[in-house]
S.K.: 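Below is a structure I'd like to ask you about.
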Amino acid sequence: MEADLYDEFGNYIGPELDSDDEDDDLEAEDRDVDEADEDDDDEPADADDDVPGMEVVLHEDKKYYPTAEEVYGPEVETIVQEEDTQPLTEPIIKPVKHKQFTLMEQELPATVYDMEFLADLMDSSELIRNVTLCGHLHHGKTCFVDCLIEQTHPEIRKRDDVDLRYTDILFTEQERGVGIKSTPVTMVLPDSRGKSYLFNIMDTPGHVNFSDEVTSGIRISDGIVLFIDAAEGVMLNTERLIKHAVQERMAITICINKVDRLIVELKLPPTDAYYKLRHIVDEVNGLLSTYSTDENLVVSPLLGNVCFASSQYSICFTLGSFAKIYSDTYGEKIFTPSSNSQRSFVEFILEPLYKILSQVVGDVDTSLPRVLDELGIHLSKEELKLNIRPLLRLVCNRFFGEFTGFVDMCVQHIPSPQEGARNKIEHTYTGGLDSDLGEAMAECDPDGPLMCHTTKMYSTDDGVQFHAFGRVLSGTIQAGQPVKVLGENYTLEDEEDSQVCTVGRLWISVARYQIEVNRVPAGNWVLIEGCDQPIVKTATITEPRGNEEAQIFRPLKFNTASVIKIAVEPVNPSELPKMLDGLRKVNKSYPSLTTKVEESGEHVILGTGELYLDCVMHDLRKMYSEIDIKVADPVVTFCETVVETSSLKCFAETPNKKNKITMIAEPLEKGLAEDIENEVVQITWNRKKLGEFFQTKYDWDLLAARSIWAFGPDTTGPNILVDDTLPSEVDKALLGSVKDSIVQGFQWGTREGPLCDEPIRNVKFKILDAVIAQEPLHRGGGQVIPTARRVVYSAFLMATPRLMEPYYFVEVQAPADCVSAVYTVLARRRGHVTQDAPIPGSPLYTIKAFIPAIDSFGFETDLRTHTQGQAFALSVFHHWQIVPGDPLDKSIVIRPLEPQPAPHLAREFMIKTRRRKGLSEDVSISKFFDDPMLLELAKQDVVLNYPM
């Protein structure tokens with residue numbers, strides 16, 4: 001019986017059984033349904049197939065899921081993806097990413113004054129002070145502002161031994177421990193009589209690379225407080241800032257900070273500390289007399305424009321405020337010195353200060369409570385148990401009270417916006433003061449026409465858009481009003497660089513929070529939303545209509561130059577637009593940054609130094625474009641110059657052969673290029689004044705001095721074009737008709753010289769002869785401009801051309817035993833030391849040196865390695881110097897990857913710069929010489945080692 005149920009292979013062929021496994025049933029039923037569907041479609045099949053579920057279905061033919069067509073219908077196109085295009089590490093729905101690059105308060109913190117009171121003070125401009133705090137790196141500007149913040153914000157306190165650094169709002173500033181951006185803080189501070197003043201304070205970075213931030217702060221301030229570390233004294237940046245402030249016509253006051261270091265660190269006796277402080281004041285006065293012609297510009301504690309502070313222990317006093325402590329404690333008494341007594345500053349200020357510090361540091365338990373009782377300072381038991389530093393801070397805070405001395409000093413010695421307006425406008429406004437507008441600004445009139453000068457752009461938390469920060473000079477800016485934004489290239493003749501925008505919200509900025517206001521009258525600082533789009537660096541904001549005679553404020557004039565250059569490109573070429581957008585944004589964010597596109601198409605960023613460019617690249621990669629960016633090795637900008645007079649007169653004919661210009665080139669007198677750049681002499685002066693300057697200072701003859709045509713490449717470019725033709729030989733009227741074209745050709749030629757497309761510097765071009773066509777048609781710009789440029793080039797090449805490179809001034813601080821290592825590192829990089837001297841009253845040495853900028857990359861790291869991190873260096877652009885060697889010497893062979901000896905450097909720099917810019921390997925002269933000129937050369941048998 002059993003045998004009938006199975007075939008010979010052991011397969012079951014008997015009647016169907018009920019399965020135990022219901023899944024199999026379901027599967028079979030599904031299959032039956034599917035097959036039934038298929039059967040409907042087909043023609044009636046053979047009789048064998050009628051038994052459903054009997055056929056053998058191969059594994060790959062099994063069908064568990066309906067096809068896409070069955071699900072969506074036949075008209076829908078479907079695409080099957082075989083593998084995941086998105087890696088498993090990425091979520092399918094990404095979480096919303098909040099970008100935040102700055103520390104901001106979430107809501108307005110409590111202050112000791114009402115915000116309404118602050119807003120009301122904005123209307124009385126005589127009670128406002130606009131001050132920039134500046135000084136050398138780590139001389140305590142930010143900590144000083146922290147003390148002011150703690151004084152006015154009862155809830156903001158620093159944690160033990162960790163500085164608050166309230167104005168370092170960028171995360172990068174907190175991480176690096178150095179200020180990168182200047183940060184405005186506005187608060188109400190009382191003076192020693194309890195009268196309140198509105199202080200707009202700009203806390204600026206102390207690193208020399210970021211001195212452009214100081215410039216933008218100084219432009220909208222009326223005075224500076226220069227911070228000097230009592231132990232370090234006057235340093236590199238201190239000196240530069242004094243010079244800069246004098247040039248910008250600022251009121252100058254100084255604050256000698258960290259006086260505690262003299263006591264606690266250097267352990268100087270009071271008399272020595274007095275001499276140390278006096279030495280600092282004398283040094284500052286020495287610098288002021290060097291840079292300024294004003295005899296009355298002196299700082300002295302007696303005048304009240306010097307204050308002493310120690311931000312760490314919240315000490316701040318002037319002679320006046322210390323005297324007030326005495327008069328409050330002992331009443332008014334007259335002190336008569338005996339013959340052998342010491343200096344009253346030592347006796348009445350330093351010794352009490354020493355006593356307080358030494359009591360707290362030395363003998364906390366036994367004698368301190370008695371001393372504090374005498375001083376009228378009451379501390380609780382908990383407070384007496386504090387660690388030394390917090391306790392010292394507390395005691396000094398109670399003894400010296402609020403920083404009224406600082407407020408008195410600023411109120412007395414820094415003009416209010418009303419008093420300082422005229423001086424400010426004369427110095428920064430390009431228009432005259434004789435118009436109604438000029439008068440309104442000079443009087444700081446809140447009802448006049450709106451004029452607001454913005455000098456900085458602050459990006460929002462997430463780095464998406466910018467807010468413009470500036471000072472209202474006349475009128476009142478209202479939230480939501482339409483304004484006209486004039487850019488740096490705006491003139492009354494060429495109004496292209498102007499745009500009408502609508503102001504969004506307005507804020508008063510206090511570092512980590514902002515107070516929204518609906519209007520800001522003249523004399524105040526304001527943060528403006530909504531008009532950032534047309535502004536690049538600085539701008540002038542004015543009425544959209546009716547204020548047609550408004551001109552712009554001068555662009556910022558920096559005390560340093562951007563000479564280091566890096567080329568950037570996105571790793572993924574399709575992300576170029578993102579990078580360009582990022583470049584536009586960093587360009588707004590950093591005042592002295594320059595971005596440009598070279599002829600070869602590479603994008604170049606120019607900055608002041610390594611740290612500066614490092615911060616720029618961080619912002620570009622993280623904040624503004626979030627893409628991978630490749631950076632080329634850093635290089636520097638060069639200049640081209642000549643060292644002799646042209647060996648022969650060089651001429652060039654215009655393409656139509658109707659005009660001919662002859663020129664020679666020669667080097668300028670020493671110091672003249674710097675005078676032009678620093679605007680000691682300006683081309684806009686009248687002929688007589690200009691002529692007198694050149695005759696008296698540089699011994700030019702009358703004719704040459706009166707016939708200066710132009711400076712180039714810009715109005716302050718360090719080259720001069722002189723018309724040296726004689727009226728007997730040349731038709732002056734005709735020459736005058738093409739003057740503009742020749743000047744344009746000269747400007748173009750000096751902007752990119754023939755050696756490697758870098759600017760020409762320190763060259764005087766003389767026009768010796770000119771044949772000009774009679775018909776205006778034959779002497780148009782198209783004929784004359786390129787010809788003038790060509791003759792500039794040929795005269796330049798005939799005058800022994802040389803390359804110039806930027807040199808850095810380096811100041812190194814190191815202990816005595818490291819000095820030799822500093823010498824070694826400098827010598828390896830073509831540097832040379834100009835001075836090394838011990839810093840008075842401290843164990844350190846200062847070494848001053850020069851180093852070529854191109855050899856300065858990695859110098860600081862190298863220096864730290866060789867001195868075990870004990871030496872600290874700061875370097876800043878100082879001057880241009882000729883590179884050794886002849887850039888056109890064909891006999892020099894540049895071997896790849898080998899350091900060149902000194903005489904080959906000029907050739908190496910030139911060739912490599914040309915390669916980088918995509919120019920031909922060598923300067924070909926035939927490009928700049930006409931055939932007649934070449935014949936002339938052959939006739940005079942000039943031996944040239946130039947390729948023809």
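Sequential numbering from 1 along the given sequence is applied to the chain's residues.
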S.K.: So which heavy atom on M579 is nearest to which on L620, and how close?
M.R.: O-CD1, 4.2 Å
S.K.: Decide yes or no on side-chain hydrogen bond (donor to acceptor under 3.5 Å, both in side chains) for D203 and T183, but give the supporting numbers first.
M.R.: CA-CA 5 Å; D203 177 33; T183 314; 5.3 Å; no
S.K.: Please step through side-chain contact (heavy atoms from CB on, under 4.5 Å) for the pair L277 and L262, ending with a clear verdict.
M.R.: CA-CA 9 Å; L277 293 171; L262 301 178; 3.9 Å; yes
S.K.: Would you call D886-R802 a salt bridge at under 4.0 Å N-O?
M.R.: yes
S.K.: Which class fits the ring pair F765 and F746: parallel under 30°, tilted 30 to 60°, perpendicular over 60°?
M.R.: perpendicular
S.K.: For K181 and S589, test the side chains for any donor-to-acceptor distance below 3.5 angstrom and give the result as yes or no.
M.R.: yes
S.K.: Looking at D855 and R830, is any side-chain nitrogen of the basic one under 4.0 Å from a carboxylate oxygen of the acidic one?
M.R.: yes
S.K.: Counting only heavy atoms not in F877 (residues, nucleotides, ligands), do more than 12 fall under 6.0 Å from its CZ?
M.R.: yes
S.K.: Looking just at side-chain N and O atoms, do D714 and T716 make a donor-acceptor pair shorter than 3.5 Å?
M.R.: no
S.K.: Restricting to non-hydrogen atoms, name the atom on S600 and the atom on K917 that form the minimum distance, rounded to 0.1 Å.
M.R.: CB-O, 3.3 Å
S.K.: Is it true that K565 and E602 make a salt bridge, defined as a side-chain N closer than 4.0 Å to a carboxylate O?
M.R.: no
S.K.: Are Y590 and Y612 close enough that their ring centers fall under 6.0 Å?
M.R.: yes
S.K.: Can you list the steps and then say if S842 with E232 is a side-chain hydrogen bond (donor to acceptor under 3.5 Å, both in side chains)?
M.R.: CA-CA 8 Å; S842 90; E232 289 187 356; over 6 Å; no
S.K.: Taking NZ, NE, NH1 and NH2 as the nitrogens, is one of them in E860 or R864 under 4.0 Å from a carboxylate oxygen of the other?
M.R.: yes
S.K.: Does R554 pair with E679 as a salt bridge, N-O distance under 4.0 Å?
M.R.: no
S.K.: So, do Y698 and D675 sit near enough that their side-chain heavy atoms are less than 4.5 Å apart?
M.R.: yes
S.K.: With side-chain contact (heavy atoms from CB on, under 4.5 Å) as the test, would you mind laying out the steps for C756 and L803 before giving the verdict?
M.R.: CA-CA 9 Å; C756 49; L803 268 188; 3.9 Å; yes
S.K.: Answer yes if the ring centres of F809 and F850 are under 6.0 angstrom apart, and no otherwise.
M.R.: yes
S.K.: How far does CD of E575 sit from CG of D581, to the nearest 0.5 angstrom?
M.R.: 12.5 Å
S.K.: Please evaluate residues L668 and N719 with respect to the criterion side-chain contact (heavy atoms from CB on, under 4.5 Å), reporting the C-alpha separation (whole Å), side-chain torsions for both, the decisive distance (0.1 Å), and the verdict.
M.R.: CA-CA 8 Å; L668 284 178; N719 303 288; 5.6 Å; no
S.K.: Apply side-chain contact (heavy atoms from CB on, under 4.5 Å) to L755 and L888, showing your working.
M.R.: CA-CA 9 Å; L755 296 180; L888 296 172; 3.9 Å; yes
S.K.: Provide the full list of side chain to side chain donor-acceptor pair (under 3.5 Å) pairs with a residue in residues 630-646, sequence neighbours left out, each pair given once.
M.R.: E644-T800
S.K.: Using a strict 4.0 Å threshold on nitrogen-to-oxygen distance, state whether E213 and K456 make a salt bridge.
M.R.: yes
S.K.: Under the criterion side chain to side chain contact (heavy atoms under 4.5 Å, CB included), which of V586, L606, D212 is the partner of L593?
M.R.: V586
S.K.: Charged N to carboxylate O under 4.0 angstrom, D619 versus K585?
M.R.: no
S.K.: Does K243 NZ have over 12 foreign heavy atoms under 6.0 Å away?
M.R.: no
S.K.: E921 and salt bridge (charged side-chain N to carboxylate O under 4.0 Å, His left out): which single residue from R915, R907, R914, K912 fits?
M.R.: R915
S.K.: Assess the side chains of N237 and S211: does a donor N or O sit below 3.5 Å from an acceptor N or O?
M.R.: no
S.K.: Quick one: closest heavy-atom pair of P843 and L266, and the distance?
M.R.: CD-CD2, 4.2 Å
S.K.: Are the side chains of I228 and E283 in touch, meaning some heavy atoms are under 4.5 Å apart?
M.R.: no
S.K.: Are H878 and Y807 an aromatic pair by the rule of ring centers under 6.0 Å?
M.R.: no
